[in-house]
Structure formats: structure tokens, C-alpha cells
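Down below is the structure, laid out as C-alpha cells.
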Amino acid sequence: MIIMKTKILSLIAIVTVSFALNAQIDRTQMPKPGPDPVVKLGKAEKFTLKNGMTVIMVENHKLPRASANLTIDNKPVFEGEIAGVSTMMGSLLGRGTANISKDEFNEKVDYLGANVNFRSSGAYASSLKRYFPEVLRLVADAVKNSEFTQEEFDKEVKVTLDGIKAGEKSVTNIARRVEDALTYGKNHPFGEFTTKESVNRITLDDVKKCYNTYYKPNNAYLVIEGDINPKEIKKTVKKLFGNWAKGRIPLQDVPKPTNVETTEINFVNMPNAVQSEIALINNIDLKLGDKDYYAVLLANQILGGGGTARLFQNLREDKGYTYGSYSRVRQSRDAATFRATASVRNVVTDSSVVEIQKEITKIRYQKASAEELKNVKEKYIGSFVMDVQKPRTAANYALNIARYNLPKDFYANYIENINAVTIDDVQNAAIKYFKGDKARIVITGKGIEVLKNLEKGDYVIKYFDKEGNATTKPEMTLPIPKGMSATNVVDNYFEAIGGKNKVAAVKTVMMVAGATIQGTPLVMTVKLSTPNKSSQVVSVMGNTMQKKVFDGEKGYSEARGQRKDTEGEELEKEKAAKYPFEDEAYKTGKLVRIEPLEGKNAYVIEYQKEEIFYDIESGLKVKSIKTVKGPQGEMKVPTIYSDYKEVNGIKFPHKMGQKMGPMDLSFEITEIKINEGVSDEDFK
């Protein structure tokens with residue numbers, strides 16, 4: 001009993017201490033992070049064959065699988081008139097060799113459950129460990145002994161041409177093509193692209209020449225990782241690839257891409273575009289392992305590296321312009337770039353450009369917060385640690401160290417180097433590499449819907465076709481359907497607001513609308529009557545400030561106690577009107593064009609010195625632009641009609657926005673009466 005009681009008391013004491021300790025923990029504070037993880041990279045073994053091919057091996061016995069990745073690390077080659085020849089060569093590799101037919105090759109790969117593919121810059125294969133030596137033999141045979149037959153060449157030409165034809169209507173495809181052509185230049189390997197004409201110029205001999213010239217082991221790296229025995233693999237590789245003949249690989253003088261002196265818009269018109277592809281691009285000089293490398297990574301992550309980055313938060317979360325906006329830094333030994341991109345609705349194309357530039361300017365000239373830098377460091381370190389766990393990571397890291405001549409401890413010191421980046425480093429990197437002031441803003445979209453607003457901005461706009469050639473500004477109107485006229489448009493409008501019969505039954509209309517100008521409320525009362533009578537009174541604080549009357553034959557206007565009779569051109573215009581629905585008069589006008597308006601298309605009728613816009617889809621009148629005489633000559637006064645509501649079965653716009661010079665007026669109708677509230681006295 002004494003022993004049991006002692007145990008119970010001891011247990012109570014432990015629990016009591018535990019509660020006391022827990023009570024001292026402040027759960028409102030985030031726990032302090034522990035020390036950075038110690039990164040243990042998989043060990044890579046390396047050797048070089050006599051023909052120059054470097055072999056990197058990484059053991060990993062987690063799964064009974066192995067893979068081989070061949071990279072031919074040649075300098076970029078400009079192909080000119082036969083652009084696409086190297087891609088075609090890569091596609092034809094493995095379609096039969098001197099030792100095995102195409103069908104037998106494919107059957108063996110399938111039987112072994114392997115994954116094998118080839119490209120112009122290498123090859124890849126993976127399989128279960130037990131089949132890997134046989135799979136590697138197939139790859140080596142294809143790499144060294146591929147036969148390029150006319151039959152397979154002709155098939156590939158057809159497939160390539162079909163792909164080009166299919167891509168001609170892809171806005172994204174055209175956007176990327178022109179972006180590269182303008183960024184690097186069409187005389188640069190990264191800026192040229194495959195066309196129907198270049199494919200038709202390629203011959204089978206061109207493909208063979210490309211293979212015999214550039215597909216050599218001199219600059220090749222073979223990375224093998226997985227459940228392997230390095231000693232056995234070394235013997236196998238020497239046996240399979242040792243007799244792959246090396247050769248002299250020619251080098252080209254490739255022009256260095258340059259940035260524009262001042263930021264400009266490069267516009268590519270795609271009439272079928274339902275959204276605009278925006279890419280702000282500038283060339284940079286950045287290679288893996290450069291002094292600024294880590295700071296650039298973090299600066300880019302803050303700006304546009306994902307869903308928590310500034311571009312995404314602004315253009316998607318705040319503005320709702322797009323599903324996502326991102327930026328990317330592409331390091332390269334040959335031609336590195338910075339890009340900020342977004343795919344946005346047509347109507348907000350210009351606004352999106354403004355916001356992207358705003359974020360780039362902000363990260364260049366305002367320091368990032370300590371919290372932002374802390375968060376992106378944690379993200380990069382977390383991703384790095386996760387990647388290290390993957391079997392192929394050590395092999396890829398070893399390949400990078402070899403290709404870029406990096407220090408052997410480059411990745412071992414990765415976390416330390418990320419943590420060493422300061423807020424000043426981030427800003428300096430942004431200023432140096434994110435050239436918002438010397439960038440191309442390449443926009444691929446529907447010109448008729450986006451150019452009008454883009455032209456209001458600060459940037460020069462240059463126009464390019466789908467192949468990156470300079471061209472002229474696209475037509476800004478759509479063709480009018482055959483048989484469509486001003487009469488048809490107005491009749492459709494009457495049907496849209498209630499029907500011709502209901503409109504014809506209206507003899508008078510009285511409307512009261514309110515607005516505010518410089519903080520002062522005003523009221524506008526409009527009265528309309530058949531045949532063609534109108535009265536408009538604007539009052540402030542109950543006092544009439546302006547009045548305009550027409551009785552069907554004559555009229556006048558009053559302002560500030562002065563009366564002026566309507567005469568001349570203005571009188572003739574009033575006589576031609578058809579109140580209470582002035583649209584009836586527009587039937588005598590001319591249907592001049594179809595024009596985009598707020599993301600939709602509208603018919604435009606020209607009547608005297610006025611343009612009237614009717615939405616094609618709804619039939620409703622949405623805008624008018626009147627040309628009036630002002631103190632400084634003629635000026636255009638636009639009026640926007642919206643918020644249609646029914647009154648006695650007829651739809652009337654209940655909001656009318658009007659802009660006169662710097663002054664904006666927004667009228668909201670508070671009362672409408674049909675066939676009441678109007679008398680002949682109102683027109684005297």
C-alpha cells in the first residue's frame with residue numbers, strides 16, 4: 001500500500017509540473033525555428049571516356065529502378081533557312097538502327113516496361129533494375145547507329161507541318177514565338193522558329209548532316225542514377241559507348257541579344273484572342289553560380305514567384321484581372337532573360353500592364369520587408385531540402401557542377417548562401433536585372449478590343465505579325481454583316497426595350513434624374529411628347545439653372561437669365577428629331593462600323609454630328625458621342641447608358657454618365673412616367 005501510494009503521489013507531481021510548464025508557454029507566439037538542416041547530398045562518381053563523354057553515377061537503392069539521361073551540351077546553333085532540322089533529327093532518332101528495325105526496337109522497349117525517348121540534345125531511359133543493362137544497350141545503339149530513312153523522314157515532315165498548322169490559331173503559341181523572336185532577335189538560335197517554309201526546305205541529307213555534325217560525345221554527359229552497381233555500370237558504359245566516334249563540333253558566332261533603349265509595347269494582333277498574353281521581357285547577364293544569383297532568385301520570388309508573390313496578389317487576388325501573374329529569371333550561359341507574364345481579359349489589358357510595371361518599379365525602388373525576405377528564404381530552403389530527398393537530385397546537381405564549372409561544394413553551401421542574402425542585396429538585384437525602364441512589353445491579343453486603351457498610355461506601340469516581322473497597325477473595325485443597316489439596328493433596339501407596338505403606344509415621357517457636380521446636387525427634368533416635342537430643365541437647390549425647349553417647330557434655350565432662340569443648324573437638327581424616342585431618327589443615319597466597347601461589340605450609327613452605339617448581343621443603346629461647339633472649338637461629349645429597367649413594360653436606362661472636358665457627370669434616374677405628367681404648357 002505504501003509503495004502504491006508513493007507511485008500515485010509521484011504521478012500527481014509529474015502531471016502538476018507538466019501543467020505548470022505548459023502554462024508558461026506563450027501560444028500567441030510562433031515557435032522559434034530550429035537550426036538549418038544539414039544537407040547530405042548523394043555521392044556522385046564521375047569518369048570520362050576517351051571520346052570525351054563524361055559519365056556521372058549516383059547510387060540510390062530505395063527502389064529497384066535505374067535511369068540514364070544523356071545531355072549533349074553543345075552551344076546553340078542558328079539553323080536559318082532550314083530552322084527545325086535539329087528538332088526533326090531528334091524525333092527520328094531511335095526509329096530503327098543498323099542492328100534492329102523500328103518495330104523491333106519499340107516492341108523490346110514495351111516488353112521491358114521501359115521509358116525511352118530521344119531529342120536533338122540527348123536521350124532518356126528508365127526501367128526496372130533487372131532490365132536496365134538491356135535498355136541502356138538499346139539507347140546506345142540508337143545514339144550511335146540510328147538509320148534515317150526516307151519513309152520516316154516523310155512521316156515526320158507531315159507531322160511537323162500539321163503541328164505548325166494547328167499552332168497558327170493558338171494565341172499562346174504565337175505569343176511565345178514572337179516574344180522569343182523579338183527578345184533574342186530572329187538571327188539568334190533562341191529567336192528563330194520552325195515555319196512551313198523552313199520545313200519544306202529540309203531534306204533527309206540535311207537531317208543526316210545535322211546528326212553527323214552535332215550529335216557527338218565530345219560535349220556529352222551521361223548521368224546514370226538509381227539501384228546500380230557503379231563498377232558494373234562503368235564496364236557496361238565503356239563497352240556500349242566507348243566506340244562512339246567523337247568529331248569536331250563547329251562553333252558559330254552568335255549575336256548577343258540587346259534591350260531596347262526605352263520601354264515600348266510590341267503588339268501582335270490575333271483576332272481570335274479571347275484574352276491578351278502579356279510578357280514584359282528584358283535580357284540579362286546571369287549564370288548559375290554568379291555572385292548575384294541567390295539575390296536574384298529571392299527578388300524574383302518576392303515579385304512573381306508564386307501565389308503569395310506580389311504580382312499574383314495584385315493582379316489576381318486584388319484586381320481579379322487574371323488567374324495568375326508570375327515572373328521568372330532564366331539563367332543561361334548564352335542568353336539569360338527576366339520575364340513577367342500574365343494572361344488577362346481583353347478589357348483590362350492596359351490596366352494589367354500598368355499594375356505589372358507598378359510592381360516592378362516598387363521592388364526596384366522600395367526595399368522589401370524583412371518579413372517578405374524571411375518568408376521567401378524559408379520557401380527556397382524548404383524546397384531545396386525536399387528536392388535533396390529525391391533520388392535524381394544528386395545526379396542533376398553533379399551535372400550542373402560539371403556543365404557550369406561550379407565549386408564542388410556549391411550545393412553543400414546552398415542554404416548558407418541563401419541565408420546570407422540581405423534586403424539591400426534583393427533591391428540591388430532587382431535594379432540590375434528587372435529592367436522595367438528598358439523592357440519590351442509584348443502583348444498578343446485582339447487589337448480591335450485592346451489597342452484603343454493601350455494607346456492612352458505612355459509607351460510607344462510597335463506592331464508585329466505572327467512571325468515577328470514589323471507591320472502596320474491592324475484595322476480597328478469589324479466587317480458589317482451583309483444586309484445590316486441603321487434601320488435594322490434601331491428596330492432591334494425597339495424590340496430589345498419592349499417591342500415596336502409598346503413603343504408606338506407611348507405619347508409622352510417624363511423623367512427626373514439627379515447628379516452631383518463638385519459636391520452640389522442638381523436635378524434634371526426631361527419631358528418628351530409626340531410629335532417631336534422636348535423640354536429639359538436643370539435646377540440646383542430648386543432654382544432653374546438651364547432650360548431648353550422645342551415645340552416641334554421652334555425652340556429656345558435659357559441660362560443665367562439669358563434666352564437664345566434655336567436657329568440655323570441647331571434648329572434643323574431639332575426638327576429632324578423623333579421624340580419621345582429620338583432613336584427613330586437614327587434610321588436615316590448610316591451604319592458605319594462595328595466597334596469593341598467594354599469587352600463587347602457594338603454597332604455604330606453615324607447621324608449628323610453624333611455617333612450612337614448599340615450592343616450587338618443585347619440590342620440596347622450603350623453609348624453616344626455628340627460633337628458640340630465649345631469655347632475652344634468643337635468637342636466630343638460621350639454619354640454612357642446603363643442599368644436598364646422596365647417602366648410600364650418598356651426598358652429605360654436608369655444611369656447616364658456624361659463627360660464634358662474635365663468634368664464627369666453621372667445622372668441616376670429617380671422617376672419615369674409614361675403617358676402622364678406632361679402637357680403642352682411644358683413646351684412653351
- Item | Closest approach of Met476 to Gly447 (non-hydrogen atoms, all atoms of both residues) | CE-O, 3.4 Å
- Message: Looking at Glu449 and Lys600, is any side-chain nitrogen of the basic one under 4.0 Å from a carboxylate oxygen of the acidic one?
- Response: no
- Query: Does CG in Asn501 sit with more than 12 non-hydrogen atoms of other residues, nucleotides or ligands closer than 6.0 Å?
  - Reply: no
- Message: Before you tell me yes or no, could you show the steps for Glu574 and Ser534 under side-chain contact (heavy atoms from CB on, under 4.5 Å), namely the whole-Å CA-CA distance, both residues' side-chain angles and the distance that decides it to 0.1 Å?
- Response: CA-CA 9 Å; Glu574 290 287 359; Ser534 67; 4.2 Å; yes
- Task: Would you please test Lys554 and Thr566 for side-chain contact (heavy atoms from CB on, under 4.5 Å) and show each step?
- Result: CA-CA 7 Å; Lys554 59 185 183 300; Thr566 305; over 6 Å; no
- Message: Taking Asp682 first and then Lys527, would you say they form a salt bridge - that is, a charged N and a carboxylate O separated by under 4.0 Å?
- Response: yes
- Item | is_close_aromatic(Tyr614, Tyr493), centroid dist under 6.0 Å | yes
- Item | Heavy atoms from other residues, nucleotides or ligands near CD of Glu646 exceed 12 (cutoff 6.0 Å) | yes
- Message: Donor-acceptor check, side chain of Ser276 to backbone of Ile278, threshold 3.5 angstrom: yes or no?
- Response: no
- Closest non-hydrogen atoms of Phe683 and Ser535, given as atom of the first, atom of the second and distance, are CE2-N, 3.8 Å
- Task: Taking only Lys NZ, Arg NE, NH1 and NH2, and the carboxylate oxygens of Asp or Glu, determine whether Asp154 and Lys158 approach each other closer than 4.0 Å.
- Result: no
- Message: If you define the side chain from C-beta out and look only at heavy atoms, does anything of Gln275 sit under 4.5 Å from Thr322?
- Response: no
- Item | Residues Ser351, Tyr321; criterion side-chain contact (heavy atoms from CB on, under 4.5 Å); working and verdict | CA-CA 9 Å; Ser351 301; Tyr321 290 165; 3.5 Å; yes
- Smallest heavy-atom separation, Leu591 atom then Val604 atom, equals CD1-O, 3.5 Å
- Message: If the test is side chain to side chain contact (heavy atoms under 4.5 Å, CB included), which one of Thr341, Ile281, Thr337, Ile174 qualifies with Glu179?
- Response: Ile281
- Item | Electrostatic pair Arg593-Glu475, nearest N-O below 4.0 angstrom | no
- Task: Could you name each residue pair satisfying ring-ring contact (aromatic ring centres under 6.0 Å, His included) that touches residues 530-581, not counting sequence neighbours?
- Result: none
- Task: Before giving the answer on side-chain contact (heavy atoms from CB on, under 4.5 Å), spell out for Phe193 and Thr195 the whole-Å C-alpha distance, their side-chain angles and the decisive distance to 0.1 Å.
- Result: CA-CA 6 Å; Phe193 50 86; Thr195 66; 3.4 Å; yes
- Query: Between Glu570 and Lys573, is there a side-chain N and carboxylate O pair less than 4.0 Å apart?
  - Reply: no
- Verify the neighbour count for atom NZ of Lys462: are there more than 12 heavy atoms of other residues, nucleotides or ligands below 6.0 Å? no
- Message: Between Val523 and Val512, is there a side-chain heavy-atom distance shorter than 4.5 Å?
- Response: yes
- Message: Would the distance check show the side chain of Ser327 and the main-chain N or O of Gly304 forming a donor-acceptor pair, the cut-off being under 3.5 Å?
- Response: yes
- Task: Cation-pi check, Arg339 to Tyr326: give yes when NZ or CZ is under 6.0 Å from the six-membered ring centre and within 45° of the ring axis, no otherwise.
- Result: no
- Verify the neighbour count for atom CE of Met545: are there more than 12 heavy atoms of other residues, nucleotides or ligands below 6.0 Å? no
- Message: Please check: side-chain N/O of Glu192 versus main-chain N/O of Glu79, any donor-acceptor pairing under 3.5 Å?
- Response: yes
- Is the shortest side-chain N to carboxylate O distance from Asp437 to Arg364 below 4.0 Å? yes
- Message: Taking atom NZ as the centre, does Lys548 end up with more than 12 heavy-atom neighbours from other residues, nucleotides or ligands that are less than 6.0 angstrom away?
- Response: no
- Task: Kindly indicate whether the side chain of Leu315, heavy atoms from C-beta on, has any atom under 4.5 Å from the side chain of Ile356.
- Result: yes
- Query: Should we say atom CD of Glu168 is surrounded by more than 12 heavy atoms from elsewhere, each under 6.0 Å from it?
  - Reply: yes
- Item | Donor-acceptor pair, side chain of Asn488 and main chain of Ser485, under 3.5 angstrom | yes
- Is it the case that more than 12 heavy atoms not belonging to Glu569 sit under 6.0 Å from its CD atom? no
- Return the minimal non-hydrogen interatomic distance between Pro271 and Lys446, and the atom names on each side. O-CE, 3.3 Å
- Are any non-hydrogen side-chain atoms of Thr520 and Val540 less than 4.5 angstrom apart? yes
- Task: With sequence neighbours excluded, tell me which residues meet salt bridge (Lys or Arg N to Asp or Glu O under 4.0 Å) with Lys435.
- Result: none
- Item | Side chains of Asn282 and Lys438 in contact at under 4.5 Å (non-hydrogen atoms) | no
- Would Lys452 and Glu595 pass as an ion pair if we require N to O under 4.0 Å? yes
- Task: Would you mind reporting whether Asp491 and Lys587 have side-chain heavy atoms less than 4.5 Å apart?
- Result: yes
- Task: Evaluate the side-chain hydrogen bond (donor to acceptor under 3.5 Å, both in side chains) criterion for residues Glu455 and Asn453: first the C-alpha distance (whole Å), next the side-chain angles of each, then the deciding distance (0.1 Å), finally the verdict.
- Result: CA-CA 5 Å; Glu455 288 171 340; Asn453 287 334; over 6 Å; no
- Is Arg177 paired with Asp180 through a side-chain N to carboxylate O contact shorter than 4.0 Å? no
- Message: Assess whether a salt bridge exists between Arg310 and Glu372, defined as any Lys/Arg side-chain N lying under 4.0 Å from an Asp/Glu carboxylate O.
- Response: yes
- Heavy atoms from other residues, nucleotides or ligands near CG of Asp318 exceed 12 (cutoff 6.0 Å): yes
- Any idea which heavy atoms bring Lys196 and Ile164 closest together, and the distance? N-CD1, 3.8 Å
- Message: Quick test of your reading of the model: are Glu495 and Lys500 salt-bridged, counting only N-O distances below 4.0 Å?
- Response: no
- Query: Can you find a pair of side-chain heavy atoms, one from Lys186 and one from Asn469, that are under 4.5 Å apart?
  - Reply: yes
- Side chains of Ile360 and Leu280 in contact at under 4.5 Å (non-hydrogen atoms): yes
- Query: Does the Arg563 side chain pair with the main chain of Glu558, one donor and one acceptor, at a distance under 3.5 Å?
  - Reply: no
- Message: Go through it in stages, so that I can follow the logic: the residues are Thr349 and Asn346, the test is side-chain hydrogen bond (donor to acceptor under 3.5 Å, both in side chains), and I'd like the CA-CA distance, side-chain angles, deciding distance and then a yes or no.
- Response: CA-CA 5 Å; Thr349 301; Asn346 292 344; 4.8 Å; no
- Just by distance, do the side chain of Asn532 and the backbone of Ala577 share a donor-acceptor pair under 3.5 Å? yes
- Does the separation of the ring centres of Tyr607 and Tyr586 fall below 6.0 angstrom? yes
- Please determine if Lys621 forms a cation-pi arrangement with Tyr641, meaning its NZ or CZ atom is less than 6.0 Å from the six-membered ring centre and no more than 45° off the ring axis. yes
